[in-house]
Amino acid sequence: MIDKRLPSAAEAVADVFDGASVMVGGFGEAGSPVELIHALIDQGAKDLTVISNNTGSGEVGLAALLKARRVTKVVCSFPRTANSTVFPELYREGFTELELVPQGTLAERIRAGGAGVAAFYTPTAVGTPLGEGKEVREFDGRAHLLEHGLTADFALIKGRLADTHGNVLYNKTARNFGPPMAMAARTTIVQVERIVEAGELDPEAIVTPGIFVERVVAIARPAHESQLIAAGVTYP
Amino acid sequence: MIDKRLPSAAEAVADVFDGASVMVGGFGEAGSPVELIHALIDQGAKDLTVISNNTGSGEVGLAALLKARRVTKVVCSFPRTANSTVFPELYREGFTELELVPQGTLAERIRAGGAGVAAFYTPTAVGTPLGEGKEVREFDGRAHLLEHGLTADFALIKGRLADTHGNVLYNKTARNFGPPMAMAARTTIVQVERIVEAGELDPEAIVTPGIFVERVVAIARPAHESQLIAAGVTYP
Amino acid sequence: MTNNGAQTGWSREEMAKRLAQDIGDGSYVNLGIGIPELVAKFVPDGRTLIYHTENGLLGMGPSPADGDGDPELINAGKRQVTALPGAAYFHHADSFAMIRGGHLDLSVLGALQVAQNGDLANWSTGEAGAIPAVGGAMDLVAGVKQVFVITQHMTKSGEPKLVESCAYPLTGRGVVDRVYTDLAVIDVSREGFRLVELAPGVTMEEVRARTGAPVLEARQSAGVA
Amino acid sequence: MTNNGAQTGWSREEMAKRLAQDIGDGSYVNLGIGIPELVAKFVPDGRTLIYHTENGLLGMGPSPADGDGDPELINAGKRQVTALPGAAYFHHADSFAMIRGGHLDLSVLGALQVAQNGDLANWSTGEAGAIPAVGGAMDLVAGVKQVFVITQHMTKSGEPKLVESCAYPLTGRGVVDRVYTDLAVIDVSREGFRLVELAPGVTMEEVRARTGAPVLEARQSAGVA
């Protein structure tokens with residue numbers, strides 16, 4: 001009997017340890033696993049390395065985790081947001097380090113980590129400041145950079161629907177980094193609105209197969225960052 | 001108005017040229033695009049390099065293309081089949097060259113070619129005859145081989161259902177090499193049982209997005225190799 | 001550029017409209033944030049473009065009517081959009097496989113500077129203390145078949161944006177194919193900048209005066225890409 | 001190995017049954033073609049395994065009833081199978097991402113030879129003129145967390161299959177964790193082959209006589225993996 005459900009976000013993130021690397025899904029607020037992140041704030045793990053496309057908005061979700069001074073490094077493609085000063089302040093202060101990675105290279109490094117590909121050559125960022133210090137090699141007369149696969153101790157991901165085996169479906173453009181991150185983390189934790197029995201999902205339409213998912217948690221009505229911010233919410 | 005339909009398999013493969021590289025989907029008979037291959041036999045292109053997991057069964061489909069002496073090289077993981085002597089004879093005669101590639105490395109090389117990744121490092125085949133002559137490099141203390149992305153001039157793929165934009169769904173384990181090959185070929189040709197209007201497929205469930213597909217052809221009742229062979233069919 | 005009260009130069013909308021004329025029917029197109037997004041409004045009748053947004057959607061449509069949006073259906077600028085018939089959702093690694101693998105026909109981007117050899121700077125002024133952020137720009141210029149830049153010809157402070165070599169940190173080397181400004185359409189050719197077309201009321205002398213590198217005369221055959 | 005008429009050694013089914021005892025509940029397992037496939041029949045009650053077949057299915061079930069099969073729902077041995085509740089289909093690159101990325105718990109394979117350092121040869125005898133074919137074996141042994149070999153202890157002609165070093169072309173170096181034969185269960189330890197358990201009626205001396213490399217005594221604590 002395979003059942004990957006956990007009863008609460010708190011239990012799902014209970015074993016995140018100080019110094020852990022944590023992939024956090026989402027592109028802007030779409031796909032941001034707000035409830036899992038808030039549970040991680042409550043849980044208290046610190047000195048985290050967060051791998052995520054952005055650094056959050058306002059003072060909820062990922063921005064709130066940063067604000068709580070739990071994150072000492074972010075690996076990220078776009079850490080600026082129109083409505084948050086959390087990351088810029090921590091960065092300028094020197095508390096949180098930034099590894100800036102082009103978005104496609106970030107996605108591919110995560111996918112490579114999940115696929116057992118140690119490193120790969122990409123033409124992106126050749127001859128730019130983000131290529132500096134990296135190995136350059138020509139293939140078919142074109143310069144490429146060597147980039148390394150990324151893995152993490154944990155991934156926090158937001159889906160729409162899952163089954164007890166951990167098969168996951170997503171909602172529209174909230175899919176974004178979820179599938180590659182699920183592959184790349186040793187412990188992948190997914191919040192979804194509803195969890196059904198194995199066999200209820202169409203096996204042809206599953207986006208993340210259960211083998212990539214260790215834990216699923218039902219959060220029936222997940223919050224959107226923009227709604228929380230509009231309501232003046234800060235966390236905790 | 002985007003409409004990638006062509007009226008026949010013959011028209012779909014009309015421009016395959018002598019010396020072209022052709023990826024052919026399928027694992028065993030599942031996903032083998034028999035009608036497209038037969039149209040290619042009729043069309044007459046020769047000196048082809050075929051990239052495919054197997055070399056076909058009996059004297060239909062891919063085995064028939066080989067038998068017609070159109071293929072001078074195969075890139076393949078498992079060229080042996082229980083019920084066909086076509087490839088072994090051409091190989092022993094020296095007519096058809098073989099590049100043997102581990103199945104996962106083959107799939108990843110095709111995906112890399114489609115994703116603009118020039119090359120990657122994999123632990124598969126290190127220290128084996130299939131790793132000989134390849135660059136070896138250690139990552140985290142483990143030896144990896146450098147493998148190069150694969151692209152092709154054409155891909156022949158079998159799906160189940162498509163829309164006029166070229167979005168494709170597959171049937172069960174006939175999916176296999178279809179999606180990565182669709183990415184890796186400059187001209188991807190897909191046969192499906194039925195083609196619907198754009199908008200009829202669920203955008204959440206599409207397996208191969210239309211950007212990877214140039215042509216779709218409806219073959220309402222595609223043949224299975226095993227049924228043709230049981231019926232004593234050889235092609236042409 | 002005063003010209004007897006007649007029009008001089010193109011507005012942002014006119015720049016976008018001029019660019020839209022050069023996109024072939026059936027093209028797969030990624031429009032950057034800002035002026036590039038305007039292009040979608042001016043596609044000539046009879047042409048269908050398929051818009052890609054790098055956060056995982058092909059077949060992106062316009063903004064939803066008020067109240068019809070989904071905060072999880074957004075574009076790369078994080079604005080709510082819609083999905084048209086024939087759309088497909090996919091994850092980020094597949095989305096950038098489309099970009100890096102050369103499957104998109106055209107990327108339209110803004111610019112801080114474009115150099116005469118096609119170098120593009122559009123992600124950072126390199127200012128000390130600024131928070132660097134790159135997004136998908138480096139992937140787009142490295143992977144997409146054709147890269148068009150749409151930008152004002154000069155900065156707000158009157159500096160040329162088309163230059164001999166970029167002073168700002170690069171997004172990519174030798175990647176820009178054509179530039180659409182308020183004054184002209186200019187190709188990045190092997191020989192450097194080459195005029196394609198002047199905006200109404202603008203002279204070649206004016207373009208040259210406002211460009212930080214030589215601009216070659218238009219070829220007789222120059223025109224739609 | 002005559003032993004007063006009592007059982008000596010394990011049958012193929014018994015080998016598979018013995019191996020099945022060592023697979024934990026909830027494991028993701030890839031079973032190779034041949035004897036490895038038998039393992040699925042002997043999983044102890046109360047344990048659920050999820051079977052992966054590298055041609056694109058997790059949650060593979062047994063062969064279909066006659067006439068219920070689909071020629072496009074097959075396993076890696078190209079035999080028709082079924083999909084169980086909770087199954088998922090995926091493409092080949094994703095399937096081997098599961099394998100190479102270490103997501104599968106166990107790969108069970110046959111062997112031509114296993115060396116005392118864990119080297120495996122199972123894809124080619126290197127015979128001149130043979131058609132080489134490797135399939136997914138090299139990927140499985142390189143990527144899956146644990147690799148069990150299930151094989152007769154000796155070849156049909158009476159040669160040991162467990163050897164000092166493989167004479168046949170390798171599938172992978174140092175990849176085998178444990179071997180299940182008709183005579184014994186044997187770990188590949190840092191020190192070389194080490195007995196885990198003897199089959200009924202088989203002695204350590206018999207195992208050693210039929211093994212091409214030293215076999216260490218079982219550890220007191222040896223047992224289920």
Side-chain angles (χ1 to χ4, degrees), chain B residues 1-5 23 107-120 149-153 155 159 161-170 178-188 195-216, chain C residues 23-30 43-61 70 72-74 81-107 136 138-145 147 172 175:
Chain B
M1 184 66 189
I2 291 172
D3 189 347
K4 299 186 179 180
R5 287 177 293 187
M23 291 178 171
E108 189 68 10
R109 288 181 63 192
I110 295 167
R111 192 249 169 216
V117 168
F120 59 90
L150 270 176
T151 58
D153 297 308
L161 189 61
D163 68 17
T164 50
H165 283 203
N167 292 302
V168 178
L169 303 180
Y170 298 84
M181 286 180 174
M183 296 168 66
R186 280 170 284 282
T187 301
T188 291
I195 304 171
V196 299
E197 293 299 319
E200 292 190 35
L201 302 180
D202 177 1
E204 297 277 13
I206 284 163
V207 178
T208 290
I211 193 172
F212 296 129
V213 175
E214 278 68 40
R215 303 171 191 167
V216 289
Chain C
I23 311 178
D25 188 29
S27 293
Y28 289 93
V29 178
N30 184 295
V43 175
D45 286 348
R47 293 188 210 170
T48 306
L49 309 190
I50 297 186
Y51 297 104
H52 172 267
T53 181
E54 58 264 37
N55 53 315
L57 170 61
L58 263 177
M60 179 174 65
D70 181 335
E72 297 195 322
L73 176 45
I74 60 176
V81 294
T82 50
L84 298 176
Y89 296 107
F90 35 82
H91 63 62
H92 242 83
D94 279 350
S95 185
F96 279 85
M98 294 174 190
I99 291 171
R100 197 187 311 100
H103 302 282
L104 288 166
D105 297 299
L106 177 66
S107 167
M138 289 187 182
D139 307 283
L140 285 161
V141 301
V144 176
K145 286 178 197 150
V147 175
V175 295

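Sequence lines set the chain letters: A, B, ... in the order given, protein chains first and strands last, and positions in each chain run from 1.
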Hey, does [Y] have a side-chain heavy atom less than 4.5 Å from the side chain of [X]?
X: C:Val81; Y: C:Leu73; value: yes
X: B:Tyr170; Y: B:Pro179; value: yes
X: B:Thr208; Y: B:Val213; value: yes

### Query
Do you know which of B:Val117, B:Asp163, B:Ile2 has the most heavy-atom pairs with chain C at a distance under 4.5 angstrom?
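Counting heavy-atom pairs under 4.5 Å, the top option is B:Ile2.
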
### Message
side chain to side chain contact (heavy atoms under 4.5 Å, CB included) for C:Glu54 and C:Asp139? Distances and angles first, verdict last.
### Response
CA-CA 10 Å; C:Glu54 58 264 37; C:Asp139 307 283; over 6 Å; no

### Task
With sequence neighbours excluded, give me every salt bridge (Lys or Arg N to Asp or Glu O under 4.0 Å) pair touching residues 86-100 of chain C.
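Listed by first then second residue: A:Glu108-C:Arg100.
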
### Query
Under a 4.5 Å heavy-atom cutoff, which of C:Asp105, C:Leu57, C:Leu58 has the most pairs with chain B?
C:Leu58

### Message
Out of C:Ala83, C:Ala93, C:Ala97, return the one with the most heavy atom pairs under 4.5 angstrom to chain B.
### Response
C:Ala97

### Query
Applying a criterion of heavy atom separation less than 4.5 Å, what residues of residues 44-52 of chain C form contacts with chain B?
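Within residues 44-52 of chain C, the residues under 4.5 Å from chain B are C:Thr48, C:Ile50.
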
### Summary
Closest non-hydrogen atoms of B:Met181 and B:Ala155, given as atom of the first, atom of the second and distance, are O-CB, 3.8 Å

### Residue pair B:Gly210 / B:Asn167: nearest heavy atoms and the distance that separates them
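The answer is N-OD1, 2.9 Å.
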
### Contacting moiety of C:Leu84, where chain B heavy atoms sit under 4.5 Å
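It is neither, since no heavy atom gets under 4.5 Å.
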
### Message
Does any backbone or side-chain atom of B:Arg186 lie under 4.5 Å from a heavy atom of chain C? Answer side chain, backbone, both or neither.
### Response
neither

### Query
Using non-hydrogen atoms only, which part of B:Ile211 is less than 4.5 Å away from chain C: side chain, backbone, both, or neither?
both

### Message
Quick check for you: to the nearest 0.5 Å, what is the distance between B:Thr164 atom OG1 and B:Asp3 atom CG?
### Response
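Separation between the atoms: 5.5 Å.
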
#### Entry: Between CD on residue B:Glu204 and OH on residue C:Tyr89, distance to nearest 0.5 Å
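The OH atom of C:Tyr89 is 6.0 Å from CD of B:Glu204, to the nearest 0.5 Å.
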
